**Q** 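Got a structure for you, written out below as structure tokens; questions coming shortly.
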Amino acid sequence: MATLQFWKPGTTGPGSTLDRANETDDSVISSAPTTSLSIQAARERLPIHKYRQNLLWKNDSLGTLILFPTGWASEGNIIACTQPRRVAATSVAGRVASEVGTIIGDEVGYTIRFEDVSDKERTHILYMTDGILFRETLVDPLLSRFSVIMIDEAHERSVYTDLLLGILKKIRRKRPSLRIIVSSATLDAMSFVDYFSSGGLENEVTVASLEGRMYPVEIAHLEQPTPDYVKTAADTVWNINLQQSRGDILVFLTGREEIDRCLEKLAERLPNLPRNASPLKLFALHAGLSIQEQLSVFEPAEPGTRKVIVSTNIAEASVTIDGIKYVVDSGFVKVRTYNPTTSLSSLVTVPISLASAIQRAGRAGRTMSGICYRLYTSSNLKSLSPTTQPEITRTDLTTVILQLKSLGVDDLMKFEWVTSPPAESVLRALEGLVASGMVDEDGRLTVVGEKVAECPVEVNLARMLFASKDYKCGDEILTIAAMTTVQDVFIIPDGSAGALAELERRKFTAEEGDHLTLLNVYNAFVRYGRSSSWCKSHALSFRALSRAISIRSQLKKYMQRFDLPTESCQGDAKRLRQCLVSGYWRNGARWVADGTYRSVRGNTVLHVHPNSVLFTRKPRSGWVIFHEMEETKKTQIRILTEIEPDWLLDYGHKFYPKHGGS
DNA sequence: GAGCACTGC
């Protein structure tokens, strides 16, 4: 077994202890506090914090900032507090309700998609996801029912956080009475200060940067970089178990494959564990697992044993596990990036940001003091970028721009982005919106564009919902739209269980392709009583299918609002496929003899994703449309349906001749 | 012939 050379925790080697003051700008960020921050402390550390007598800041025991309003909400106005994730919105609302001494949904409530636990008359503090608040701006552009808006976890820089900040800056000019509070946990608090200052809003917007309660965490870096961090992670876990006192271990790797490999290495060694060492209980943690599998991670380890949780980034912010004393950080993460030139998105493994490194280390100090082993050197640490690139700079902007236009932001170059997306992404999205009839040649929203902007699915799918009126297949298109929106409907485990799952999947196969196969799965799920055991026996994800049910019913309400019929096509698959083409006509592809496809736009070589029912089969017509295209080792297309090529012409003439077919 | 970080409306 390799001997790993770490700088010993607690010694004074370079980067040997978690010294936040060295890693961050301590004029903005507090050093790791072990007691609750007082108002005074917050004021001292925040350059433009504006303190109001009638507002009390409190840092609760779980480290989340809680606002206790005593004046601002008294005129019947509401304080909104946004969170990037649904679980955070609901759980923080619950804690605040109990601190205030009311039941949830009364004075304190929350609103997330599919769930509104608030009272129109009585709720004064409303927790919501940032996506929900952004959507509300489409209906009420000045957000007039709110007197205070607090954007929490702003450092995560989700697309909706960035959009909200931009909109709030605009609203603030028209509604000077609106109080805005931006709460950010890490290094870039200063960038929010700069952002609002540049519009003359300094001293009017509060930027708060508060750390949660944390125990000290010692940091150890590798002395030499490792060529194989998966193996090094396994070695490190092994050494911790032999050398360090009791306490569970959390390992950060980038994806399922690495996690399985690391766990295999550890499992192989378990028989050689010395008799006096603690037995290890091994767990994987990633989003692809079932709910039960994820929950098993939270069960306390049996006395005398040690839990090892090998996880993706899900454990960095979304999931919190108590009892972790040791963190092993690979220093890498997978991020989605988008290339506007090729319209392709891809997942790439990149070094984490400094903010992530600090966040991961902090996972060792939530319930006791701990140690973080970084599988990179302290000089590697210095080369990390301070924060993760905001999502808005690396995503397809089609929906974003449609929604901004609906808000009256016609000149996208004049919109005050916190961070501007690449101009090419903006142009590519605009081009797509013009081609699909959402935006006219002058850049203004069309009538259908107005309606589609309100629809909570991507533009292609919304177009299909509208077209379903002509093809008389609203019922089926609703289901297909919901099913393509949820991911991971089919559970394909590793090894022999995977082959069995494959067989189960074939039972739902439709000749015409994946869209109709998904329709079959949904209908069977409903027919068999939406049962989770039925899902399990057919290798389907109960979570994904339940979500599809919710999305479908939300979309159905939307269709009814716009007088779109939801009649069934009565098994007429041809009509249904023609309707699909109305949404996907830009995603056409032609089969070629080696089993790959060529895109109609650009003639790119496309490979069918192995999950497709057309993976092994040539479509009879030789032509397909596909739901999405992604760059992996190759360019892959997912969710295919066979079509007749002349169906493309009904739409293509609007686009191809004019733009030279590129 | 082979794969999937994480959210959100």
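Naming convention: chains lettered A, B, ... in sequence-line order (proteins, then strands); numbering from 1 in each chain. Predicted model, so just to flag it, every value in this text is computed and none were measured.
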**Q** Would you say A:Lys634 places a side-chain N or O within less than 4.0 Å of OP1 or OP2 belonging to B:dA2?
**A** yes
**Q** Could you check A:Cys455 against A:Lys334 and say which one's nearest nucleotide on DNA chain B is further toward the 5' end?
**A**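 The 5'-side residue here is A:Lys334.
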**Q** Within this structure, what is the CH2-to-C1' distance between A:Trp591 and B:dG1, rounded to whole angstrom?
**A**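 Taking atom C1' of B:dG1 as the reference, CH2 of A:Trp591 is at 14 Å.
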**Q** Does A:Leu347 reach a base, just sugar-phosphate, or nothing at all? Heavy atoms under 4.0 Å.
**A** base
**Q** Are OP1 or OP2 of B:dC6 and a side-chain N or O of A:Thr312 less than 4.0 angstrom apart?
**A**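 Checking A:Thr312 against B:dC6: at least one side-chain N or O falls below 4.0 Å of OP1 or OP2.
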**Q** So A:Asn611, base contact, sugar-phosphate only, or nothing? Heavy-atom distance under 4.0 Å.
**A**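 Base, at least one base atom sits under 4.0 Å.
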**Q** Output yes when a side-chain donor or acceptor of A:Thr484 lies under 3.5 Å from a complementary backbone atom of A:Ile480, and no otherwise.
**A** yes
**Q** Looking at A:Tyr584 versus A:His627, is the centre-to-centre ring distance below 6.0 Å?
**A** yes
**Q** Return the value, rounded to whole Å, for the distance between atom NE2 of A:His607 and atom P of B:dA2.
**A** 9 Å
**Q** Report the distance from atom CZ of A:Arg85 to atom P of B:dC9, rounded to the nearest whole Å.
**A** 12 Å
**Q** A:Arg86 has an atom CZ; how far is it from atom C1' of B:dC9, in whole Å?
**A**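 My rounded result for the distance is 10 Å.
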**Q** Tell me whether A:Arg394 forms a cation-pi arrangement with A:Tyr338, defined as NZ or CZ under 6.0 Å from the six-membered ring centre and within 45 degrees of its axis.
**A**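 No, A:Arg394 does not sit over the ring of A:Tyr338.
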**Q** If each of A:Val457 and A:Thr616 is mapped to the nucleotide of DNA chain B with the nearest heavy atom, which maps nearer the 5' terminus, i.e. the 5' end?
**A** A:Thr616
**Q** Apply side chain to side chain donor-acceptor pair (under 3.5 Å) to A:Ser553 and list each qualifying residue two or more places apart in sequence or on a separate chain.
**A** none
**Q** Give the rounded distance in Å between these two atoms: CD of A:Gln83 and P of B:dC6.
**A**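 So the two atoms are 20 Å apart, to the nearest Å.
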**Q** Please pick, from B:dA5, B:dG3, B:dC9, the nucleotide with the shortest atom-to-atom distance to any side-chain atom of A:Gln636.
**A**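 Nearest to the side-chain atoms of A:Gln636, counting from C-beta on, is B:dG3.
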**Q** When the distance from CD1 of A:Ile314 to P of B:dC4 is rounded to whole Å, what number comes out?
**A** 17 Å
**Q** Please check the phosphate of B:dC9 (OP1 and OP2 only) for any side-chain N or O of A:Thr129 closer than 4.0 Å.
**A** yes
**Q** If we count only N and O atoms by modelled type, under 3.5 Å, do the side chains of A:Ser118 and A:Thr123 hold a donor and an acceptor together?
**A**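 No pair is found: no donor N or O on one side chain lies under 3.5 Å from an acceptor on the other.
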**Q** Whole angstrom is fine here: how far is it from CZ in A:Arg547 over to P in B:dT7?
**A** 10 Å
**Q** To the nearest angstrom, how far is A:Tyr110 atom OH from B:dG8 atom P?
**A** 13 Å
**Q** Once you apply a heavy-atom cut-off of 4.0 Å, does A:Thr349 come out as touching a base, just sugar-phosphate, or nothing?
**A** nothing
**Q** Kindly point out which of B:dG3, B:dC9, B:dC4 is positioned nearest to the side chain of A:Arg135?
**A**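 From the listed options, B:dC9 comes nearest.
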**Q** Using a cut-off of 4.0 Å on non-hydrogen atoms, how would the nucleic acid contact of A:Phe615 be classed: base, sugar-phosphate, or nothing?
**A**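 Base, at least one base atom sits under 4.0 Å.
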